[in-house]
Chemist: 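What follows is a single structure, and I will ask about it in a moment.
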Amino acid sequence: MAQIDLKSIIQNMTLEEKVAQLMQLSGNFYYGLAGEITGPFEEMGISEFVVKNSGSVLGVSGADTVRKIQAEHLKTNRHGIPLLFMADIVHGFKTIFPIPLAVGCSWDMELAEKSAEVAASEAAVAGVHVTFAPMVDLVRDPRWGRVLETTGEDSYLNSAFAKAFVRGFQGKDLAVDQMRVAACVKHFAAYGAPEGGRDYNTVNMSERQLRESYLPAYKAALDEGCEMVMTSFNTVDGIPATGNKWLMRDLLRKEWGFDGVLISDWGAVKELIPHGVAGNEAEAARKAILAGVDIEMMTPCYIRSLKNLIESGKVTKTLLDEAVLRILKLKEKLGLFENPYRAADAVKEKEVILSESNREVARELAEKSCVLLKNDNVLPLDKQQNIALIGPFAQSSDILGAWSWQGEVDNTANLHEALQALTTNVTVAQGSHVETITDEQVTEAIEAAKAADVIVVAVGEYASMSGEACSRADITLPEAQLHLIKQMKTINKPIAVILFNGRPLDLHGVLDEADAVLEAWYPGTEGASAIANILFGKVNPSGKLTMSFPHTAGQIPVYYNAYNTGRPYDGVSRDHYLSKYLDIPNKPLLPFGFGLSYTNYIYENLRLSSDTMTADEQIQVSVTITNTGNYTGEEIVQLYIRDMTGDVVRPVKELKDFQKVSLNPKETKEIQFQLTEAQLRYYHQDMSFTSDEGLFELYVGGSSEDVLTGRFTLKKMYTNLND
């Protein structure tokens, strides 16, 4: 690949051209470019000059469209600088995978990576260069609508998924492998901790908590080579992230050494004004550029103000040149100067998108993402049984999720169709809508249920009930669906509930009424087929929750790795003056790491190679697992630790490792982990990242609650953290 003299290009650019390179516009600006720019675009102050010299485009795809826009752009850009095409490819392009929260429940890094690779290939042939993914925000509040985009409440697991997604999207060499796209990790930082679970709301936490719980997954993505970072809408230490110099310049760029492109989220630069840290667009532009934001998405603060700020000496020209250089370097890394169309190819679109091999990956990931929450000898079903399929999601293809930008329900089978492909003994009735119910619907459902051997009730949230700006204070199922389940209970037939949703729910009225409950999330294009395979036992469910399910919204936030408090409650003590609720348990309804199977696993013989660890020696942890049932299954074995006496308060449990193991009926295997001193480190009072000498508890089991326990002591800890 020929070397492009990027610095020479920058030297020959005018100030106006450089500023325009920092502007990201939506595709609307590029359709009919020769025409007059009017209406809201004119109100934004976006001239034809800016459109012709802007650096990137948002939300455009389709090989022919992208090639046309790029060709028109290059005709008028006097430096031959190509456009970057970016889009939200969050969990699939046309082939939609389960939502990331569901992918998290698979605990499967290989499949997660493969899903990103497939999404990248489909997006690349459609002309996309950059995806705004992975979203790695740690979340402990299911009221927040965007929990569907995260892989859960644990920083270790989120970090592992962050790396897997980046590997899948980017591959090893973006210039050579044009079927990949550049990744953009988001939202930097701590967007997943808004007060009250309300989107865009204030985030307030200590630097220690930020570093320990919320920053590791972003860092993991960058360590894997992620090319871009997106700012978050929230505050960090009282300063909106998009204008936060400490966060972006000091931490991200200086401490972590990130020299890639930093992009604002949609409108976030101008939002510094309503946040109350900028009085006008010029001040917002100045704070954002000083904080290190290279690309302003869909607000005109840079365009309207940067030139004057530089000419008046309030912003140095050097900062602008650095931002432009970073953008041009990414374009060079993608090979766009030599091939501005990259992989965009209308013929390949037809070959690659929604191919059977892509669908197979989506189906397998959906199968591994479903979590069996309850099963009182109802599942798997027998194909000879008469099945009544009831509920608003029985024949609905609204199972893709809110961020399935290019997903099409026409290419998505519904649950009724998927069951019919495996058995003819299915009768269907809607039973209710998502939020309303009629007497006629109930009557029809009751008649279908009476004639059946087993009732399958498909319920959940509309896709529009979760996602961005979709926070919910009440996270129970809508009352209409709870009423439907209650009516089905009166038939005295076995009931299996299938849940389609984008967040952990308050499952009262579901778990207590149903005999079996399968959490399917929004499972994607092949989700219905995956569920059918699980219902009939072709696939043994193996998913485990990566976010706790609360008893009620009043318990939120509830998460497994909490602090103990000075007056801890063990769930049994009758002492009044303890940290507890009077009306509900402290612990979640369903804990982190929980998930059932069609078989049973017995954990025995937890052994540690030593009861003492030093900085130079590992401890080998071993446990035997036996599949005592009649189905082959895959178990996710989880290893946790607890530092019993820390420099600062430590969580009651911390996930440190896990393994997936496949076991045949009656088979026993020994699983081994290697635990090192480095895994025991955390941020101390002085913000040093080190470990403590002293006693540790260790836990191994099938969830954060169902564990075997051991102990060891750490001695002779390192003082040199580079060892």
Side-chain angles (χ1 to χ4, degrees), residues 98 100-115 136 138 150-165 167 213 216-217 220 224 365 367-372 519 540-548 559-561 590-597 599 601-608 618-627 633-642 651-663 668-676 678-681 696-710 712:
L101 184 56
V103 176
C105 293
S106 74
W107 299 58
D108 195 314
M109 301 307 148
E110 290 184 10
L111 267 179
E113 180 178 340
K114 185 63 179 178
S115 74
V136 301
L138 184 141
T150 179
T151 49
E153 68 185 40
D154 182 76
S155 61
Y156 170 78
L157 198 59
N158 286 0
S159 297
F161 275 112
K163 291 184 176 183
F165 287 135
R167 288 194 301 269
S213 299
E224 201 64 35
L365 188 49
E367 291 167 350
K368 290 182 180 291
S369 297
C370 291
V371 185
L372 186 61
E519 175 58 85
N540 189 354
S542 60
K544 303 269 191 177
L545 298 178
T546 56
M547 198 168 173
S548 304
Y559 47 96
Y560 88 93
N561 48 356
L590 298 170
F592 178 89
F594 174 82
L596 302 176
S597 168
T599 191
Y601 304 101
I602 299 296
Y603 286 73
E604 296 175 304
N605 303 322
L606 176 63
R607 298 183 301 279
L608 280 65
Q618 302 176 347
I619 286 180
Q620 180 174 290
V621 181
S622 61
V623 66
T624 57
I625 305 175
T626 302
N627 178 350
E634 190 172 54
E635 172 70 337
I636 300 167
V637 186
Q638 303 156 45
L639 169 68
Y640 300 86
I641 63 104
R642 180 182 179 187
V652 294
K653 285 190 182 79
E654 298 177 83
L655 180 70
K656 290 298 178 181
D657 206 350
F658 66 92
Q659 290 185 39
K660 300 188 75 170
V661 55
S662 180
L663 292 163
T668 298
K669 286 185 178 179
E670 182 178 85
I671 306 301
Q672 295 183 344
F673 297 96
Q674 300 296 325
L675 190 66
T676 69
Q679 291 171 283
L680 310 182
R681 298 174 187 175
F696 287 78
E697 282 195 345
L698 178 145
Y699 316 94
V700 178
S703 79
S704 59
E705 291 293 327
D706 185 13
V707 294
L708 301 177
T709 303
F712 66 92

Chemist: Got a sec, which residues hit salt bridge (charged side-chain N to carboxylate O under 4.0 Å, His left out) with E113, two or more places apart in sequence or on another chain?
Modeler: R167
Chemist: Can you name the residues that form a side chain to side chain donor-acceptor pair (under 3.5 Å) with E367, not counting sequence neighbours?
Modeler: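 Once residues adjacent in sequence are excluded, the partners of E367 under the side chain to side chain donor-acceptor pair (under 3.5 Å) criterion are N533.
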Chemist: Got a sec: does the CD of E110 have more than 12 other heavy atoms crowding it under 6.0 Å?
Modeler: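 12 or below, so no.
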Chemist: Are the aromatic ring centres of F592 and W107 under 6.0 angstrom apart?
Modeler: yes
Chemist: On a heavy-atom basis, which atom in A164 and which in M109 lie closest, and how many Å separate them?
Modeler: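 For A164 versus M109, the nearest heavy atoms are CB-O, 3.7 Å.
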Chemist: Not counting sequence neighbours, which residues clear side chain to side chain contact (heavy atoms under 4.5 Å, CB included) with K660? List them please.
Modeler: D108, K368, E634, I636
Chemist: Listed by chain and number, what are the side chain to side chain donor-acceptor pair (under 3.5 Å) partners of D706, not counting sequence neighbours?
Modeler: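 None.
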Chemist: Using every non-hydrogen atom in the two residues, find where L606 and T709 come nearest and quote the distance to one decimal.
Modeler: CD2-C, 3.6 Å
Chemist: Inspect the surroundings of NZ in K114 and state if more than 12 heavy atoms from other residues, nucleotides or ligands are less than 6.0 Å away.
Modeler: no
Chemist: If the condition is ring pair (Phe, Tyr, Trp, His ring centres under 6.0 Å), which residues does Y640 pass it with, not counting sequence neighbours?
Modeler: Y560
Chemist: Would you mind telling me which of I625, V707, V637 makes a side chain to side chain contact (heavy atoms under 4.5 Å, CB included) with V700?
Modeler: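 Checked I625, V707, V637 against V700; only one passes side chain to side chain contact (heavy atoms under 4.5 Å, CB included): V637.
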Chemist: Find out whether L101 and T546 are in side-chain contact, i.e. whether some heavy atom of one side chain is under 4.5 Å from a heavy atom of the other.
Modeler: yes
Chemist: Between Q672 and Q620 (side chain of the first, backbone of the second, donor and acceptor by atom type, cut-off under 3.5 Å), is there such a pair?
Modeler: no
Chemist: May I have the step-by-step check of side chain to side chain contact (heavy atoms under 4.5 Å, CB included) for F696 and R642, ending in yes or no?
Modeler: CA-CA 6 Å; F696 287 78; R642 180 182 179 187; over 6 Å; no
Chemist: Who pairs with S115 by side chain to side chain contact (heavy atoms under 4.5 Å, CB included), at least two apart in sequence or on another chain?
Modeler: F97, F165, L365
